[in-house]
Amino acid sequence: MPSGSDLEEKVKSMFGFVPNSLQEMCKDSFTTQVYLQGINLKKEHTTLSFVQRHVLEFVTSSMNGDEYCVQMHAKFLKSKAGFTQDELNDMKLGGLPNSTTHSDCIPIIKLVRTVVVKKGKLTQEDLTLFEQMKVTRDQMYEVITSVHLKSIQNYVNNIANPPIDDRFK
């Protein structure tokens with residue numbers, strides 16, 4: 001297994017720096033490798049847009065109580081995708097963003113919340129509802145996988161409570 005310093009180099013090559021959250025994760029080779037491989041696979045095989053993926057990770061992190069990742073994804077969503085702070089606050093509390101400017105994210109947000117709350121036990125009625133919202137089965141499975149992949153980082157952060165990097169403030 002690679003050492004912590006080898007993993008930090010890999011993280012740095014992927015992100016351009018080593019975020020505090022991943023520096024902590026690098027203390028365990030298995031967890032870090034699973035997480036990084038998952039990120040790489042997600043980038044190669046995603047059916048969701050870049051913004052939808054960040055919304056998914058924002059909502060998942062919010063539901064998992066990880067303020068580090070909430071702030072990181074909020075920074076991106078505000079600066080790169082035009083979300084307002086009010087929209088982000090509403091989303092943290094179970095609301096939805098503006099349906100005019102972010103309509104493509106609403107089905108994904110609803111699916112993330114349903115998957116997390118129901119622990120993946122979606123009913124036929126749930127499946128039909130998401131299909132009517134034009135969420136494909138591939139996207140449903142991607143959301144399930146992405147929620148669990150993000151939860152790895154969320155849970156590590158909830159244990160370690162890393163300081164938020166300046167670039168995410």
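The structure places CD of Glu87 at 11.5 Å from NZ of Lys78, a figure rounded to the nearest 0.5 Å. Atoms CG and NZ, on Leu36 and Lys10 in that order, are 5.5 Å from each other to the nearest 0.5 Å. The CG atom of Leu48 sits 12.0 Å away from atom NE2 of His54, with the distance rounded to the nearest 0.5 Å. For the atom pair CG (Leu111) and CD1 (Ile106), the distance works out to 13.5 Å, reported to the nearest 0.5 Å. Note: Tyr35 OH to Lys150 NZ = 4.0 Å, rounded to the nearest 0.5 Å. To the nearest 0.5 angstrom, His45 atom NE2 is 10.0 Å from Asn40 atom CG.
Side-chain atoms of Glu142 and Thr46 include a donor-acceptor pair closer than 3.5 Å. Side-chain contact check for Asp126 and Thr123: at least one donor-acceptor pair (N or O, by modelled atom type) lies under 3.5 Å.
Shortest non-hydrogen contact noted between Lys169 and Gln71 is CA-NE2, 4.0 Å. Across all their heavy atoms, Val11 and Cys26 have their closest contact at CG2-SG, 4.0 Å. The two residues Ser61 and Asn154 make their nearest non-hydrogen contact at OG-ND2, 3.0 Å. The minimum heavy-atom distance between Leu149 and Gly38, with the atom names listed, is CD2-C, 3.5 Å. Nearest heavy-atom pair across Leu7 and Ser29 is CD1-CA, 3.5 Å.
Following chains of ILVMFWY side-chain contacts shorter than 4.5 Å, one cannot reach Tyr68 starting from Val55, and the two form parts of different hydrophobic clusters. Hydrophobic clustering (side-chain heavy atoms under 4.5 Å, transitive across Ile, Leu, Val, Met, Phe, Trp, Tyr) groups Met91 together with Ile108. No continuous path of hydrophobic side-chain contacts links Leu88 to Phe168 [ILVMFWY only; heavy atoms under 4.5 Å]. Under a hydrophobic clustering in which Ile, Leu, Val, Met, Phe, Trp and Tyr are joined whenever their side-chain heavy atoms come within less than 4.5 Å, directly or via other members, Ile109 and Leu93 fall into different clusters. Using a 4.5 Å cut-off between side-chain heavy atoms of Ile, Leu, Val, Met, Phe, Trp and Tyr, with links allowed through other members, Leu41 and Val34 fall into different hydrophobic clusters.
When the shell of 6.0 Å around CD of Glu44 is examined, it contains more than 12 heavy atoms from other residues, nucleotides or ligands. For Lys12, the NZ atom is loosely surrounded, since the number of other residues' heavy atoms within 6.0 Å does not exceed 12. Counting non-hydrogen atoms of neighbouring residues, nucleotides and ligands closer than 6.0 angstrom, the OH atom of Tyr141 reaches no more than 12 such neighbours. Counting non-hydrogen atoms of neighbouring residues, nucleotides and ligands closer than 6.0 angstrom, the NZ atom of Lys110 reaches no more than 12 such neighbours. Counting heavy atoms of neighbouring residues, nucleotides and ligands inside a 6.0 Å radius, atom NZ of Lys80 does not exceed 12 of them.
Between Phe50 and Phe76, the ring-plane angle classifies as perpendicular under the 30° and 60° cut-offs. Note: His102 and Phe83 have parallel aromatic rings, judged against thresholds of 30 and 60 degrees for the angle between ring planes.
Considering only heavy atoms from C-beta on, Lys42 comes within 4.5 Å of Ser146 through its side chain. Residues Met63 and Val117 are in side-chain contact: their nearest non-hydrogen atoms beyond the backbone lie under 4.5 Å apart. Here the side chains of Met25 and Ile152 are in contact, with some heavy-atom distance below 4.5 Å. You'll find the side chain of Lys92 reaches within 4.5 Å of the side chain of Phe58, heavy atoms only. Side-chain contact check for Asn20 versus Ile164: every heavy-atom pair is 4.5 Å or farther apart. The closest side-chain heavy-atom distance from Leu127 to Met140 is below 4.5 Å. Counting heavy atoms from C-beta outward, Leu96 and Arg113 have side chains that approach closer than 4.5 Å. Contact check for Lys43 versus Ile39: side-chain heavy atoms found under the 4.5 Å cut-off.
Remark: the backbone N or O of Asp104 is paired with a side-chain donor or acceptor of Gln52 at under 3.5 angstrom.
When each of Asn157, Asp66, Asn161 is tested with Ser21 by the rule side chain to side chain donor-acceptor pair (under 3.5 Å), just one qualifies, namely Asn157.
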